[in-house]
Amino acid sequence: MLDIQLLRTDLAQVAARLADRKFKLDAEAFAALENDRKSLQTRMQELQAQRNASSKAIGDAKRKGEDVTAIMAEVASLGDELKAAEAAFAELQKNLDALMLSMPNVAHESVPVGNDESANVEVRRVGTPREFDFAVRDHVDIGEPHGLDAETGAKLSGARFTVLRNDIARLHRALAQFMLDTHTGSHGYTEMYTPYIVNDNVLFGTGQLPKFAEDMFKVQKGGDEVGPDQYLISTSEISLTNTVRETLLKAEDLPMRMTAHSPCFRSEAGSYGRDTRGMIRQHQFDKVEMVQIVHPEKSFDALEEMVGHAEAILQKLELPYRVITLCTGDMGFSATKTYDLEVWLPAQNTYREISSCSNCGDFQARRMMTRFKDENGKNQYVHTLNGSGLAVGRTLVAVLENYQNADGSITIPTVLRPWFGGRTTIGG
RNA sequence: GGAGAAAUGGCCGAGAGGUCGAAGGCACCGCCCUGCUAAGGCGGCAUACGGGGUAACCUGUAUCGAGGGUUCGAAUCCCUCUUUCUCCGCCA
């Protein structure tokens with residue numbers, strides 16, 4: 001959520017920056033709403049003050065044993081007017097809140113302005129794509145003989161679900177554990193295990209709701225118990241970041257670094273026909289997530305560091321990749337700046353997204369009410385960051401394709417061999 | 001699933017229809033005293049929003065798990081929900 005003060009004082013500028021993000025803020029409508037809010041609030045507060053004064057007078061009079069019928073009569077007429085004013089204010093506040101919740105974060109000034117991915121900026125390339133002296137196969141063809149089974153996945157759950165068995169399942173697990181161990185062992189993250197089903201208010205906190213409900217899986221309890229609306233997490237950023245919701249942290253608690261390995265569930269509404277083959281785009285995939293809760297002045301340094309943490313995984317796996325700065329039009333809702341990591345996929349002869357690292361500034365903190373007491377004893381919103389470190393399913397794809405051999409076997413990356421009892425290949 | 005208890009400020013914990021934004025303690029900050037790996041005294045110390053002031057600050061309103069209700073007036077009474085704890089049952 002944006003700072004409403006900023007909207008009041010700098011409406012035109014905020015509207016312009018939101019326009020870069022393809023959000024049309026009707027400045028006039030907002031200003032009108034703000035105006036109404038002000039007059040309604042003032043009126044309501046006046047009436048409340050009157051009521052409080054009268055009630056106090058009644059109390060005083062009663063204690064002295066004086067007659068209170070006169071004051072009682074005076075205050076009687078107040079009730080209805082107050083109720084009406086309060087109702088009108090609540091209604092308006094609701095509309096204002098809904099509008100505020102629907103606005104994306106504004107981009108940091110260092111973010112390139114642009115409409116779509118064509119305006120993204122490549123920051124660097126690391127590693128050189130391998131030269132193959134045989135016909136490159138894609139991960140489906142390479143993986144199938146060793147246990148990648150889309151057909152059974154579809155039988156169980158439909159399109160975009162895959163069953164892994166044997167060495168492929170093991171490789172998948174090894175990847176996740178390697179990532180987790182690296183982040184906890186070398187990058188200072190605390191390992192976490194969190195719920196995969198969360199209440200709707202949690203989704204408001206990180207920004208998936210109210211706007212992106214169609215991307216989520218909504219779940220329902222058996223029986224006829226009614227509780228809050230609940231959803232499967234689309235990323236453990238949601239549960240990790242929200243662990244600090246509605247809390248007042250101490251300055252020395254910061255920075256907090258959390259990591260978790262979890263499945264992610266995405267409806268992929270609107271992506272029909274895209275990446276239908278293989279494991280690139282699934283309804284369920286695993287991801288090792290990094291989340292940081294940091295001091296507001298340190299969040300952009302933390303973002304660079306976090307990108308480095310994600311890169312370290314790719315480097316240790318010896319996978320070629322590039323780093324991209326997303327432009328304003330391509331960034332996620334809550335982000336103020338985002339770097340994507342794209343891994344080289346030989347079969348597609350291109351780089352594909354495998355990690356996304358974002359600084360959300362105070363946008364999520366404001367929605368979650370997460371603050372810390374700063375050096376001067378003032379409560380300030382923290383800044384939140386999240387990044388994939390990495391998407392496990394896509395990393396599996398990248399390993400299969402980049403490590404494939406002419407005979408259909410797969411060389412196991414050196415760092416993963418401990419999970420294979422020292423074996424060096426799958427198949428072959 | 002059954003029975004009961006509870007939810008108050010960063011934390012602990014009083015409160016029981018008006019004088020309560022809320023005693024007391026801890027933590028924290030300032031000053032003083034004293035001096036040594038301690039202690040004592042005094043003062044300050046919730047949040048959000050509105051209005052005023054360059055500002056320190058002043059002022060109004062709201063907030064005692066959440067939402068409704070009763071009342072001139074609710075932390076205190078009533079209803080619903082959520083969460084936690086205890087006992088019983090069931091259970092990976």
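Letters A, B, ... mirror the listed sequences (proteins, then strands); counts begin at 1. All of these numbers come straight from a predicted model, not from anything done at the bench.
Side chain A:Lys62 to base B:G18: a donor-acceptor pair is found below 3.5 Å.
Distance check: A:His183 NE2 to A:Met290 CE gives 4.5 Å after rounding to the nearest 0.5 Å. Rounded to the nearest 0.5 angstrom, A:Glu34 CD and A:Ile4 CD1 are separated by 5.0 Å.
Look at A:Asn201 and you won't find any side-chain N or O under 4.0 angstrom from OP1 or OP2 of B:A66. Between A:Asn379 and the phosphate of B:A46, there is no side-chain N or O to OP1/OP2 separation shorter than 4.0 Å. Contact check, A:Arg51 against B:A62: a side-chain N or O comes under 4.0 Å of OP1 or OP2. Within the structure, a side-chain polar atom (N or O) of A:Lys38 is placed less than 4.0 Å from OP1 or OP2 of B:G51.
For A:Leu78 and B:U61, the CG to P distance is 13 Å, given to the nearest whole Å. Between the CZ atom of A:Arg43 and the C1' atom of B:A62 there is a distance of 18 Å, given to the nearest Å. Distance A:Met369 CE to B:G9 P: 13 Å, rounded to the nearest Å. Rounding to whole angstrom units, CD of residue A:Glu246 and P of B:G10 are separated by 13 Å. A straight line from CD of A:Gln48 to P of B:C49 spans 17 Å, rounded to a whole angstrom.
To the nearest whole angstrom, the two P atoms, one in B:A3 and one in B:C20, are 41 Å apart. Comparing the P positions of B:G24 and B:C79 gives a spacing of 33 Å, expressed to the nearest Å. Rounded to the nearest Å, the gap between the P atom of B:C58 and that of B:G68 is 32 Å. For the P atom pair drawn from B:C78 and B:A6, the interatomic distance equals 12 Å after rounding to whole Å. As rounded to the nearest Å, B:G69 and B:G10 have P atoms that lie 28 Å from one another. When the P atom is compared between B:G41 and B:A46, the two are found 22 Å apart, to the nearest whole Å. Comparing B:U82 with B:G67, their C1' atoms sit 10 Å apart, to the nearest whole Å. Comparing B:U47 with B:G21, their C1' atoms sit 11 Å apart, to the nearest whole Å.
The side chain of A:Arg371 has B:U47 as its nearest neighbour among B:U19, B:U47, B:U61. Residue A:Lys83 has its side chain nearest to B:U70 when only B:U19, B:C72, B:U70 are considered. Here the side chain of A:Ser55 is nearest to one of B:C72, B:U61, B:U19, namely B:C72. Nearest to the side chain of A:Gln5, among B:C49, B:U70, B:A62, sits B:C49. Considering only side-chain atoms of A:Gln41, the nucleotide from B:G60, B:C49, B:G18 that sits closest is B:C49.
In this structure, B:G43 forms a base pair with B:C29, meeting either the Watson-Crick or the G-U wobble geometry with both donor-acceptor distances under 3.5 Å.
Partner A:Asp286 forms a side-chain hydrogen bond (donor to acceptor under 3.5 Å, both in side chains) with one of A:Arg173, A:Arg394, A:His261 and no other, that one being A:His261. Each of A:Lys38, A:Arg43, A:Arg37 was checked for a side-chain hydrogen bond (donor to acceptor under 3.5 Å, both in side chains) with A:Gln41, and the lone residue meeting it is A:Arg37.
Checked against the 6.0 Å centroid criterion, the rings of A:Phe212 and A:Phe333 qualify as a close aromatic pair.
A:Arg366 comes within 4.0 angstrom of no nucleic acid atom, judged by non-hydrogen atoms across all strands. A:Leu248 comes within 4.0 angstrom of sugar-phosphate atoms only, judged by non-hydrogen atoms across all strands, and of no base.
Residues A:Lys373 and A:Gln45 both approach RNA chain B. Their nearest nucleotides, taken by heavy-atom distance, put A:Lys373 toward the 5′ side.
Within 6.0 Å of NZ in A:Lys56 there are 12 or fewer heavy atoms belonging to other residues, nucleotides or ligands.
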